[in-house]
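So the structure is just underneath, and the comments pick up after that.
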Amino acid sequence: MKGMAQLLREHPFFSGLDEDYLELLAGCGENRIYNTGDYIARENDPADHFFVIRDGQVAVESYLPNYGALCLQTLHKGDIFGWSWLFPPYLWTFDARAMNEVHVICLNGKCLREKCKTDPKMGYELMQRFARIITDRLHATRMQLMDVYSPQPPPLERSR
Amino acid sequence: MIPALLRIDRRSEEYAGTFTLHLSADDGGALPEFMPGQFNMLYAFGTGEVAISMSGSPTGDKGYVHTVRVHGLATQALGRLREGEQIGVRGPFGQGWPLDQVEDRDLLIIAGGLGLAPLRPLIYSLLNGNWKARRVRIFYGARRPEERLYREELPRWSEVFELRQSVDHADTAWPGHIGVITGPLQMAEVDIQSAMAFICGPEIMMRFCIQALRSKGVAESNIYLSMERNMKCAIGHCGHCQWGPNFICKDGPVFCYRDIQSWFQIRAL
Amino acid sequence: MQESVLQAEDLDLLIQAIRGEGYQLLGPVLRDHAIVYDKVESAADLPRGWTDEQEKGTYRVKRRDDDAYFGYAAGPHSWKKFLQLPRRPVWRAQKGNHGVAITEIVEEAPAMAFLGVRSCELHAIATQDRVFVDDKYRNDSYANRRAKLFMVAVNCTSAAATCFCTSMNTGPEITLPSDLAMTEVIDGEAHYFLIKSGSSRGERVLQQLPVKPAIKDQVQRARNAVERTAQQMARGPRSFDSSDLKALLYRNYESPSWDQVADRCLSCANCTMACPTCFCSTVEDTTDLSGDHAERWERWDSCFTGDFTYISGGSVRADTRSRYRQWMTHKLATWHDQFGRSGCVGCGRCIAWCPVGIDLTEEVARIRELDKS
C-alpha cells in the first residue's frame with residue numbers, strides 16, 4: 001500500500017514539489033472511488049474538496065432544464081479539478097460526474113487553505129500550479145468557443 | 001492540362017454537408033500514383049474546380065477517394081453527383097507527408113475536423129506496413145462525435161495504433177473525451193528525440209497544436225503541417241495560393257514547420 | 001558580331017522582310033493618345049516623331065522635335081498580352097449519351113514578331129519564361145507562342161521620368177538575346193539604325209536588308225545615346241540601390257508604411273495589369289443554357305481583387321494593406337526565392353498607370369527610411 005505522499009508525488013500536478021510540502025499536503029488527503037454516474041460534485045453544493053484524478057474519466061457538466069446534463073469538458077487521469085474551495089462562498093459552480101470508475105485523491109479544502117496560510121511559500125507554489133491549470137482550461141475554453149471545426153467562422157464580433 | 005474523367009463508384013455521406021467519393025477510371029485502369037498528403041483538382045461540370053486532398057489508400061486499389069465538405073458552388077455541384085456519374089480530375093499535385101522519415105520515430109498524427117482526410121492515406125500506409133514507425137499515436141479532434149470522419153474505421157485504427165479522440169461538444173451518450181485536442185496532446189508523454197508530428201486541421205487548431213508540441217520540446221524540424229490557401233491551377237501558374245515565397249500548390253501543401261515558421265506568424269500574408 | 005547600319009528610310013524594308021518570313025508583326029502604334037503595341041504593316045504605322053511624358057499617374061503623348069521612330073518609353077501595353085493572353089479558352093466539355101467529353105483547346109500558335117522590344121521588356125519576357133516555360137509545369141499556350149517569337153530589340157535612347165531600369169539592372173542597354181538588336185541614332189542630318197543579329201533567324205532577315213558595315217563613329221554615337229539615357233536615369237529621383245530589397249522587405253512585413261500606402265491605394269489592379277511580369281490568372285467555368293456544353297476560360301487576374309485569396313469563410317487578404325504588401329513584396333522580394341530573380345524590371349508602368357500616383361520607388365524609399373528609424 002502506497003502512502004498518500006507517494007500517490008501525490010506520482011501525479012503530474014505535484015511533480016517536482018518539495019518533499020516537505022508533499023508530506024504536509026498528504027495530511028489533507030484521502031483516497032476515494034466513485035462509480036459510473038456518481039456525482040463527485042454538484043452545482044451549489046459546498047465545495048469542500050479539491051480532486052486529483054488517479055484513474056477514470058470525469059465529466060464537468062451543467063444541467064439544462066430542457067436538455068439534461070450538458071457536458072462541457074471531460075477530465076482524466078493526470079488532471080485535477082475543483083478550485084471552488086479556494087474562494088468564498090465555497091460552492092461548486094458546475095457538476096462533476098464519474099463517467100466510469102474514478103479513482104481520486106480528495107484533498108480537504110479547509111485543511112489546504114490553512115496549510116497555505118501558515119506556509120505562504122508552499123501556498124505560492126501551489127497557487128502557481130493552479131494558475132497554470134486554470135490558464136490551460138481557459139485556453140481550451142477559448143478554443144472551443146472559436147468552434148474551429150465549423151465551416152462557418154464563429155459568431156463573434158469581427159475586430160478588424 | 002485537362003481533367004481526366006473518372007467514374008464515381010461509391011458515394012457516402014460522412015455527416016450532413018460532408019461526403020466521400022470513391023473514384024476509378026472508366027476502364028478500370030490504373031490511375032497515377034500519389035503520395036499521402038497530395039491533392040487533386042475535382043471538376044464539377046461547368047461549375048469549377050476545387051482542390052481536395054487524397055484520402056484513400058495510396059496503394060492497393062486503383063481508385064481515388066476524396067472527402068468533400070459542401071461550401072461554395074463547386075462543392076455543391078460535386079455534392080449533387082451520384083454513383084455512376086462522371087467527375088473531372090486533375091492531379092495528383094503537391095508535396096506530401098515525409099513518410100520516408102518516419103522509420104523508428106515516435107509519430108504523432110494530429111487531425112482536426114476535416115483534417116483527418118489528408119492524413120488517412122498516411123494512416124493506411126502505416127496500417128498496411130508499407131512504412132513503419134516505432135510508435136504511432138493519432139490525435140483526432142472534432143466538433144461533435146457525429147461530425148467525425150470515417151467513423152466505421154476508427155475502431156480498427158485504435159486496435160493497431162493509439163487513437164485519442166476529443167470532441168468539442170457531445171451528449172451523455174459519448175463516452176470519450178470532451179474538450180479540445182491540445183488537451184490529450186499536452187497530456188501525452190513524448191520522446192523528444194524521436195518525436196515527429198504531422199498536423200492537419202484548421203489553421204488556428206494547428207497553431208495551438210504547434211504551441212503544445214513546442215512546449216514539450218519537439219523541434220520545429222520534426223513538425224509537419226498541411227496548409228490551405230486558394231488554389232486555382234495547382235501548378236504554380238495562377239499565383240493565387242502564394243504564401244510568402246511559397247506556392248501552397250507546388251511547394252506544399254505539406255510543409256516542415258521549420259521552413260515556414262516565419263511566414264506562419266505573418267497575418268493576412 | 002559585326003554591327004551594321006540601316007538607314008532610317010529603309011526601316012520599312014526591315015518590316016517587310018520580317019513579314020516576308022511569315023511573321024505577324026507587332027509593334028508600337030499611336031492609338032487613343034497612347035503608344036500601344038498592335039499590328040504593324042509598314043513603317044508608316046509606327047509613332048514616328050512621337051514621344052510620351054510620364055509621371056506618377058500621368059501619361060501624355062506629345063510631338064518630338066525630331067522624327068525618331070522609337071523615341072518613346074514603356075507605354076500602357078506590354079508584350080505580355082501577346083504571350084500570356086488576357087483571355088483564352090482552356091477546354092470545352094460536352095455532355096452526351098456516353099458521358100462527358102473534355103477537349104483541350106489547343107491553339108495553333110501564331111508566329112509573331114515583336115518590333116521595338118526594350119531591354120526591360122526582354123527581361124520581363126525572360127521573367128515570365130521562368131514561370132511558364134522553365135518551371136516543372138509548362139503553360140503550353142505561352143510556351144508555343146514564345147517558341148515561335150521573333151524579337152527585334154531596340155535600345156533606349158531616351159527615358160521617361162518613370163523609368164528606373166538602371167536601378168533594377170535591366171537596361172537601358174540590351175544585354176539579353178534577341179533576334180535583331182538596334183539602336184536608333186539621330187544626329188544632325190544622320191538618322192540611322194545600328195543593327196546586329198543575335199540568331200540565325202535574325203541573320204536571315206538582316207541579309208535581306210541594304211545595310212552597310214558600321215564605322216567606328218557610327219557605333220560610338222549609338223553607344224553614347226544609350227549611355228546618356230543610363231545617366232539620365234541614374235541622376236533621376238528613381239535611382240536607388242536594389243541589391244538589398246529582398247532582405248529589406250522580408251524584415252518589413254509589419255512596416256507602418258503599408259498602412260500609409262493602403263490609405264491611398266484603390267485596389268484597382270491597374271499596376272498588375274500594366275506590369276509586364278505580373279502573371280496571375282484565374283479561370284471561369286460556364287455552361288450554356290442547355291447545361292450540356294461547358295467551357296473553361298483563363299483570364300488575367302490580380303492579387304488586388306477581393307476574392308483572390310478566398311478560402312472557405314473569407315479572403316485571407318481582406319484589406320488593401322495586405323494586398324499592396326503582397327504585390328510589392330512579391331515583385332521585389334519573394335520573387336527572388338521563387339524564381340531566382342526580381343519580378344520588377346524597372347519599366348515604371350505601375351507608376352504612370354496608378355490612378356492615385358503611387359510610386360513603387362517612393363514606397364521602397366519610405367520603407368527604407370522607416371527601417372532605419
Side-chain angles (χ1 to χ4, degrees), chain B residues 1-7 26 41 43-51 69-75 77 81 84-90 93 114 202-203 227-251 262-263 265-269, chain C residues 84 90-91 93 95 99-105 131-132 135-140 142 250 253-254 278-288 291-296 298 301-303 307-313 315-319 321-323 325-326 329-330 333-338:
Chain B
M1 188 184 266
I2 63 166
L5 288 161
L6 303 186
R7 214 181 80 94
D26 256 341
M41 297 299 292
Y43 171 66
F45 189 86
T47 310
E49 278 184 309
V50 275
R69 171 152 70 189
V70 174
H71 198 274
L73 285 177
T75 48
L81 293 173
E85 291 192 294
Q86 285 175 307
I87 182 171
V89 177
R90 289 192 298 134
F93 298 115
L114 280 181
E203 208 165 302
M227 288 294 299
E228 185 198 2
R229 285 294 181 268
N230 187 358
M231 288 193 260
K232 287 268 179 206
C233 73
I235 56 175
H237 286 175
C238 79
H240 283 249
C241 69
Q242 284 180 82
W243 184 52
N246 309 289
F247 288 88
I248 302 286
C249 69
K250 61 173 186 174
D251 304 321
S262 58
W263 306 110
Q265 312 308 331
I266 299 172
R267 293 172 190 188
L269 184 58
Chain C
Q84 186 201 0
V90 183
W91 76 54
K95 257 185 198 164
V100 177
I102 301 180
T103 320
E104 185 167 16
I105 298 172
V131 178
F132 291 136
D135 218 53
K136 183 180 171 192
Y137 296 98
R138 263 168 51 124
N139 173 335
D140 287 333
Y142 178 98
Y250 270 24
Y253 267 90
E254 304 303 340
C278 270
F279 59 82
C280 289
S281 63
T282 190
V283 287
E284 286 167 352
D285 292 283
T286 53
T287 53
D288 64 3
D292 292 336
H293 177 87
E295 283 185 358
R296 160 164 285 204
E298 181 190 287
D301 200 0
S302 167
C303 53
D307 62 354
F308 191 81
T309 54
Y310 183 87
I311 48 176
S312 59
S315 285
V316 175
R317 292 181 215 119
D319 55 10
R321 174 186 183 272
S322 58
R323 291 182 207 160
R325 182 179 71 178
Q326 163 61 22
T329 308
H330 181 217
T334 55
W335 209 297
H336 285 279
D337 277 342
Q338 294 173 343

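Within every chain, numbering begins at 1; the chains are lettered A, B, ... in the order of the sequence lines, protein sequences first and strands thereafter.
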Per-residue contact mode, [X] against chain B (heavy atom under 4.5 angstrom):
X       : answer
E254(C) : side chain
H330(C) : side chain
A333(C) : neither
R296(C) : side chain
F308(C) : both
D307(C) : backbone
N139(C) : both
E104(C) : both
Y142(C) : neither

Taking [options] one by one, which has the highest count of heavy-atom pairs under 4.5 Å against chain B?
options                            : answer
S281(C), S315(C), S322(C)          : S281(C)
I311(C), V90(C), D285(C), D140(C)  : D285(C)
G291(C), C303(C), S312(C), C278(C) : S312(C)

Shortest non-hydrogen contact between [X] and [Y], atoms and distance:
X       : Y       : result
L5(B)   : V100(C) : CD1-O, 2.8 Å
F279(C) : G236(B) : CE1-O, 4.4 Å
T282(C) : H240(B) : CB-NE2, 3.7 Å
C280(C) : G239(B) : SG-CA, 3.6 Å
R317(C) : Q242(B) : NH2-O, 3.0 Å

**Message:** Between K232(B) and D301(C), does any side-chain N to carboxylate O distance fall below 4.0 Å?
**Reply:**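 Result for this pair is no, no salt bridge flagged.
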
**Message:** Has R325(C) got a side-chain atom pairing as donor or acceptor with A268(B)'s backbone, closer than 3.5 angstrom?
**Reply:**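 Yes, the answer is positive, given that a donor and an acceptor are paired below the 3.5 Å cut-off.
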
**Request:** Please confirm whether the backbone N or O of G99(C) pairs with a side-chain atom of Q86(B), one donor and one acceptor, at under 3.5 Å?
**Result:**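 No.
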
**Prompt:** Pick from E49(B), R69(B), K250(B): which one has the most heavy-atom pairs with chain C under 4.5 Å?
**Reply:**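 Of the candidates given, the most pairs with chain C belong to E49(B).
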
**Request:** Find the one option among T75(B), D26(B), N230(B) whose heavy-atom pairs under 4.5 Å with chain C are most numerous.
**Result:**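 Of the candidates given, the most pairs with chain C belong to N230(B).
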
Heavy-atom side-chain proximity of [X] to [Y] below 4.5 angstrom:
X       : Y       : value
Y43(B)  : I102(C) : yes
I235(B) : K136(C) : no
H237(B) : Y137(C) : yes
F45(B)  : T287(C) : yes

**Request:** Kindly indicate, with the supporting measurements, whether the criterion side-chain contact (heavy atoms from CB on, under 4.5 Å) is fulfilled by V316(C) and W243(B).
**Result:** CA-CA 10 Å; V316(C) 175; W243(B) 184 52; over 6 Å; no

Answer with side chain, backbone, both or neither: which region of [X] has an atom nearer than 4.5 Å to a non-hydrogen atom of chain C?
X       : answer
R267(B) : backbone
E85(B)  : neither
E228(B) : both
M231(B) : neither

